[in-house]
Number of protein chains: 2
Amino acid sequence: MKLSPDGNMFTEIVLETFKLSGLLTTVGDSIAASAGVNSARWKILGAIYLSSHSLTVPQIARTMGQSRQAVQRLVDIMHKDNLLTFSDNPNHKKAKLIALTEKGSAIYLKVDEQQIPWANNLADNLDAKDLATTLQTLKKIQQAMDAK
Amino acid sequence: MKLSPDGNMFTEIVLETFKLSGLLTTVGDSIAASAGVNSARWKILGAIYLSSHSLTVPQIARTMGQSRQAVQRLVDIMHKDNLLTFSDNPNHKKAKLIALTEKGSAIYLKVDEQQIPWANNLADNLDAKDLATTLQTLKKIQQAMDAK
DNA sequence: GTCAGAATGACATCATGTTGTCAATTTTAA
DNA sequence: TTAAAATTGACAACATGATGTCATTCTGAC
C-alpha cells in the first residue's frame, strides 16, 4: 500500500510535531530556568493554573497527553518542593486535589513574564488565520486518533 | 505584559504540540511493536531511509530536533543489533556515515506497511487544505524560533 | 445492594533524552 | 599558514517518561 497524498501530508505533520516538540522543550527549559524550574515542571504548573481549579493527577495527565505515573512522579517532587498543595477530594478518598502554593503560583507567573513576549514576538511573524487553522487541526488530529 | 490574541493562539499550539507528541509516541510504539522496535528507533530508521543517502549522527539529530548524544546512543545500540551500518566518511575522520542494513530496511518497511493505512485513514477525516496549512505553519514556527 | 470492572496511588524497572566534559578533528578567520 | 572556534564521538550523570504490578477505592450493571 502507498501513502495517499493526504496521508503523506499527515505523516509529515507527525514528523514535524516530534521535531517541534523537542525544540520547544529545549527553548522552554531556557525560559523556565531563571525561575528555577524546567519545561516539565512548568507544564505541570501551567496545567493546574490554566484549569482555574484543583485537579487530580490523572486529570493533569489526560490534559497533558502523558501517563498518570509520569505526572504523579513530578507532582510528588513538586509537592516536596512546596510548589503544590494536596487537599482532600470529596469525591475520592485516594485521589487528592492538587493546587498551586503561593510559591508555585509565583514561579508560574515569573516564567509567564518571559514566555509572553517570546510568544507574542514569534506570533507576530506568523499569519493569524494560519495559526487558528493549525491549532484546530492539531486538536482534530487528536480527536481522530481517539476515535480509532 | 499580556499575551496578544495571536500570542495566545501560539501558546495553545505549543501546548497541543506537546500533547500530540506524547500521544503519537504511544501510538507509534504500538504500530512499531510488531516489527520489534519502538517509536524512537523507528524514527531513526525513518530519518535515514527518507534521506535516501547515508547520514552522520549529528545530521540525524538535526533532522529530528534532538540532541546529538541521544541519537548517538540509539545509533550505537541499533548498530549492535545489526540494524545500521557504519562506513568511513571521506569528509570527516571521526564522523562515520550511517546507513540501514537489510534487516534495518526490512523492519522500517514492515512498520511502514502498518503506518500507511493508519495515516491514510486518519487523513481521510481531515481537510487537505488544513493539513497543508498546518504542515507549513509547523515548519514556519521552527524557522522563526531558529531566527531568534 | 452486590459484585465485576475501572480508576487511582505507590512502587519498581527500564528506555528515552538533556546537559556537561574532554580529546580529536574540522572549519573559519586573520 | 596558523591559531581560535566549532564540530564530533565517547563517556557520565541526571531528569523525563512509559510500562507493569499490586492493593485500595470507586463506578456501573444487574
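All of these numbers come straight from a predicted model, not from anything done at the bench. First the proteins, then the strands, lettered A, B, ... as listed; each starts at 1.
- Rounded to whole Å, atom P of C:dT16 lies 17 Å from atom CD of A:Gln66.
- Between the CG atom of A:Leu55 and the P atom of C:dT8 there is a distance of 12 Å, given to the nearest Å.
- A:Asp130 contributes no side-chain N or O that, together with a main-chain N or O of B:Thr137, makes up a donor-acceptor pair within less than 3.5 Å.
- Comparing B:Asp29 and A:Arg73 by the nucleotide of DNA chain D that holds the closest heavy atom to each, the one mapping nearer the 5' end is A:Arg73.
- Aromatic ring centroids of B:Tyr49 and B:Trp42 lie 6.0 Å or more apart.
- Here the C1' atom of nucleotide D:dA18 and the CG atom of B:Leu23 are 13 Å apart, to the nearest Å.
- In this structure, the nucleotide among C:dT8, D:dG17, D:dA10 sitting nearest to the side chain of A:Ala95 is C:dT8.
- Residue side chain A:Gln69 does not reach the base of C:dG9 through any donor-acceptor N/O pair under 3.5 Å, judged by distance alone.
- For the pair B:Asn89 CG and D:dG9 C1', the computed distance is 13 Å after rounding to whole Å.
- Of the candidates C:dG9, C:dT25, C:dG17, C:dT25 carries the atom nearest the B:His92 side chain, counting heavy atoms from C-beta on.
- For B:Arg68, the listed nucleotide lying nearest its side chain is C:dT21; candidates were C:dT21, D:dT21, C:dT16.
- Note: A:Lys103 NZ to A:Thr85 OG1 = 13.5 Å, rounded to the nearest 0.5 Å.
- Across all strands shown, A:Lys94 has heavy atoms under 4.0 Å from base atoms, whether or not it also approaches the sugar-phosphate.
- For A:Ile77 and D:dC14, the CD1 to P distance is 14 Å, given to the nearest whole Å.
- Residue A:Arg41 is the one, among A:Arg41 and A:Lys93, whose nearest nucleotide of DNA chain D lies closer to the 5' end (criterion: closest heavy atom).
- The CG-P distance, from A:Asp76 to C:dA12, rounds to 13 Å in whole Å.
- A straight line from CG of B:Leu84 to P of D:dG9 spans 14 Å, rounded to a whole angstrom.
- Within the nucleic acid shown, A:Val57 comes within 4.0 Å of sugar-phosphate atoms alone, with no base atom in reach, counting heavy atoms only.
- The phosphate of D:dT16 has OP1 or OP2 within less than 4.0 Å of a side-chain N or O from A:Asn38.
- Looking at A:Asp81, its side chain never comes within 3.5 Å of a backbone N or O of A:Leu83 through a donor-acceptor pair.
- Donor-acceptor pairing under 3.5 Å is lacking for the side chains of A:Asn82 and A:Thr101.
- For the pair B:Ala40 and A:Gln72, both in contact range of DNA chain C, the more 5′-proximal nearest nucleotide belongs to A:Gln72.
- Rounded to whole angstrom, the span from the CG atom of A:Leu74 across to the P atom of D:dA18 amounts to 10 Å.
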